[in-house]
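Note that this is a predicted model, so its numbers are computed, not measured. Chain A is the first sequence line, chain B the second, and so forth, proteins listed ahead of strands; every chain is numbered from 1.
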Amino acid sequence: MFDIKWIRDNPEALDDGLRRRGEAPCAAELLDLDEKRRGLQTTLQEARQRRNDASREIGAAKKNGEDAGALMDEVASLKERISALEEEERTTGEALEARLAGLPNIPDPEVPVGEDESANQLVRSHDAPPVFPFTPRDHTAIGEALGLMDFERAARMSGARFNVLRGALARMERALAQFMLDLHTEHFGYEEVNPPALVRDNALYGTGQLPKFAEDLFQTTDGRWLIPTAEVPLANLHAEEILDADDLPRRYAAMTWCFRSEAGAAGKDTRGMIRQHQFNKVELVSITHPDRSAEELERMTGCAETVLQRLGIPYRVMMLSTGDMGFAARRTYDIEVWLPGAETYREISSCSNTGDFQARRMNSRFRPGGEKGTRTVHTLNGSGVAVGRALIAVLENYQQSDGSVIVPQVLQPYMGGTEVITPHV
RNA sequence: GGAUGGGUGGCCGAGCGGCCGAAGGCGCUCCCCUGCUAAGGGAGUAUACCCGAAAGGGUAUCGAGGGUUCGAAUCCCUCCCCAUCCGCCA
């Protein structure tokens with residue numbers, strides 16, 4: 001959400017940013033609305049001032065037993081005028097707000113311009129894809145051969161895009177989540193949080209999923225929403241709050257279920273557990289001083305990368321192009337893991353700096369030392385990392401020719417020392 | 001599901017229908033006093049918009065929206081939210 005004051009001062013910056021995103025420029029339209037509203041406010045203000053003065057005069061006149069008829073007539077006509085003006089001022093203001101709420105964040109200058117992911121820029125890669133002495137299988141084949149990944153039974157009770165994990169794979173999923181949370185909390189200073197998975201409209205409005213992307217979400221019959229990511233409850237932790245400058249940065253990590261309708265993904269990734277309606281994700285959220293968010297994004301991305309380094313999974317980091325970035329993001333790094341079975345890189349983490357875009361919607365501020373007043377904080381979010389996809393990456397990268405899967409060393413303590421998962425017979 | 005109470009400034013908390021943007025306290029900022037890990041005194045301390053070079057002035061905002069009234073934080077209605085009690089339940 002943009003500050004209309006900022007747009008007044010930087011209309012060309014807004015339009016330029018929107019253009020790079022492939023959106024129509026609209027600063028002129030917004031400023032028209034803004035000007036109209038302010039004009040109405042001024043007119044309104046004068047009418048009200050007269051009404052207030054007249055009312056006071058009426059009170060005084062009555063107290064002195066004088067006739068106030070003329071004044072009362074004047075006030076009566078002012079009242080009609082005022083309520084008409086109020087109505088117009090309100091609708092103009094609402095139109096402006098609605099327009100502003102629907103605008104995506106504008107990209108950082110360094111973000112590559114492009115229509116889609118083909119314009120994403122390689123930032124760095126870590127470990128080359130390994131060469132297998134046999135033809136590596138994809139995670140679905142591996143999981144089903146192990147007898148520990150069951151899409152059929154999941155579909156029977158829940159439909160497509162669900163799966164059942166069993167035995168060692170269920171445990172490995174849990175081990176992954178625990179390993180990640182321990183790393184982020186013990187090593188990187190994040191505070192572990194266990195937040196609600198159902199939230200109200202205003203929380204989703206704050207992070208930018210609403211009002212535009214309701215169709216991507218599941219809603220409950222009582223009007224709440226299932227979170228599509230823990231970013232929502234974590235970022236909203238400080239909604240409507242004023243933090244002390246000394247409290248920044250705040251760093252939060254949570255492992256939650258994430259629920260997505262995948263409304264626009266029909267026919268995409270239908271096989272396997274790449275794209276599910278329900279998945280676990282460890283999410284990182286940082287709330288920072290505006291001057292610190294750029295460096296925090298690098299740090300956060302590094303935290304997510306460390307997960308993969310310790311797991312020993314090859315990956316690369318991409319800077320998303322303007323066409324591939326999310327609504328609220330100013331700059332985003334995707335981390336993509338190498339999947340030998342699929343012979344491709346797949347996104348496993350997405351780390352974004354939203355600047356003050358979400359914070360303004362949530363009204364999260366801080367009190368800068370020295371200055372008076374408050375300033376808007378910056379918020380960042382990143383997967384650290386998607387647990388289901390991490391499981392896929394482990395399966396495909398650690399598979400052996402006999403169908404067994406080696407357990408990465410860092411996970412073994414979380415799996416009672418299990419070193420290898422072998423097929424059921 | 002049933003029954004109550006409540007939503008006021010950064011926080012707590014007052015507020016006869018006009019003199020309330022709002023007492024008081026806390027916190028914070030600046031100044032003074034004080035020479036000891038204490039305290040005391042004074043001033044200031046919401047946001048948006050308009051006018052103004054500035055000082056300053058004006059309008060609106062006391063959960064949201066409507067209504068009553070010449071005039072509403074204060075009365076009425078609707079909605080949202082919070083809390084407590086009872087019932088039910090992991």
Under a 3.5 Å cut-off for both distances, is [N] Watson-Crick or wobble paired, and to whom?
| N | answer |
| --- | --- |
| B:A54 | none |
| B:U84 | B:A3 |
| B:A64 | B:U78 |
| B:A73 | none |
| B:G9 | none |
| B:A14 | none |
| B:G27 | B:U45 |
| B:G40 | B:C32 |

Report task. Hey, which sits more toward the 5' end of RNA chain B by its nearest nucleotide, A:Val75 or A:Arg37? Result ->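 Between the two, 5'-proximity favours A:Arg37.
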Query raised in the report: Considering heavy-atom distances to RNA chain B, does A:Asp53 or A:Ile242 have its closest nucleotide positioned more toward the 5' end?
Result: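 With A:Asp53 and A:Ile242 compared, the 5'-side residue is A:Ile242.
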Requested in this report: Indicate whether OP1 or OP2 belonging to B:C50 is found under 4.0 Å from a side-chain N or O atom of A:Arg38.
Outcome: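 Checking B:C50 against A:Arg38, a side-chain N or O does come within under 4.0 Å of OP1 or OP2.
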Report task. Would you indicate, yes or no, if B:U69 has its OP1 or OP2 atom less than 4.0 angstrom from a side-chain nitrogen or oxygen of A:Lys79? Result ->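 Checking A:Lys79 against B:U69: no side-chain N or O falls below 4.0 Å of OP1 or OP2.
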Closest nucleotide among [options] to the [X] side chain:
| X | options | result |
| --- | --- | --- |
| A:Arg8 | B:G10, B:C70, B:C49 | B:C49 |
| A:Gln41 | B:C49, B:C50, B:C70 | B:C49 |
| A:Arg200 | B:U59, B:C70, B:C81 | B:C81 |

Query raised in the report: Any side-chain heavy-atom pair from A:Arg251 and A:Glu191 closer than 4.5 angstrom?
Result: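 A:Arg251 vs A:Glu191: side chains apart.
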Requested in this report: For the residue pair A:Met255 and A:Gln178, establish whether any side-chain heavy-atom pair is separated by less than 4.5 Å.
Outcome: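 When only atoms from C-beta onward are counted, A:Gln178 and A:Met255 do not touch, as no gap falls below 4.5 Å.
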Sticking with atom [atom1], work out how far [N] lies from [M], rounded to a whole angstrom.
| N | M | atom1 | answer |
| --- | --- | --- | --- |
| B:U59 | B:C20 | P | 14 Å |
| B:A39 | B:C51 | C1' | 47 Å |
| B:G63 | B:G15 | P | 15 Å |
| B:G21 | B:A73 | P | 8 Å |
| B:C62 | B:A23 | P | 16 Å |
| B:A46 | B:G52 | P | 24 Å |
| B:A48 | B:G66 | C1' | 23 Å |
| B:C79 | B:A14 | C1' | 28 Å |

Query - Cation-aromatic face contact A:Arg361/A:Tyr205, 6.0 Å, 45 degrees - result: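 Relative to the ring axis of A:Tyr205, which defines the angle, A:Arg361 lies inside both limits.
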Whole-Å distance between [N] [atom2] and [X] [atom1]?
| X | N | atom1 | atom2 | result |
| --- | --- | --- | --- | --- |
| A:Asn52 | B:G21 | CG | P | 10 Å |
| A:Glu57 | B:C19 | CD | P | 15 Å |
| A:Arg90 | B:U61 | CZ | C1' | 16 Å |
| A:Asp244 | B:G27 | CG | P | 14 Å |
| A:Asn363 | B:U61 | CG | P | 19 Å |
| A:Arg48 | B:C70 | CZ | P | 18 Å |
| A:Leu40 | B:C49 | CG | P | 15 Å |
| A:Glu86 | B:G66 | CD | C1' | 12 Å |

Requested in this report: Could you check whether the rings of A:Phe327 and A:Phe357 sit parallel, tilted or perpendicular, using 30° and 60° as the cut-offs?
Outcome: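 Ring orientation, 0 to 90° scale: perpendicular.
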**Report entry** Geometric class of the A:Trp6/A:Phe2 ring pair [parallel <30°, tilted 30-60°, perpendicular >60°]
**Finding:**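 Answer is parallel, since the angle falls under 30°.
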Query raised in the report: Are A:Glu94 and A:Arg90 ion-paired here, with the side-chain N under 4.0 Å from a carboxylate O?
Result: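 A salt bridge links A:Glu94 with A:Arg90.
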Query raised in the report: Is it true that A:Lys36 and A:Glu89 make a salt bridge, defined as a side-chain N closer than 4.0 Å to a carboxylate O?
Result: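 Salt bridge: no.
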Query - Pair of N/O donor and acceptor under 3.5 Å linking B:G58 base with A:Gln45 side chain - result: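 Donor-acceptor pair under 3.5 Å: yes.
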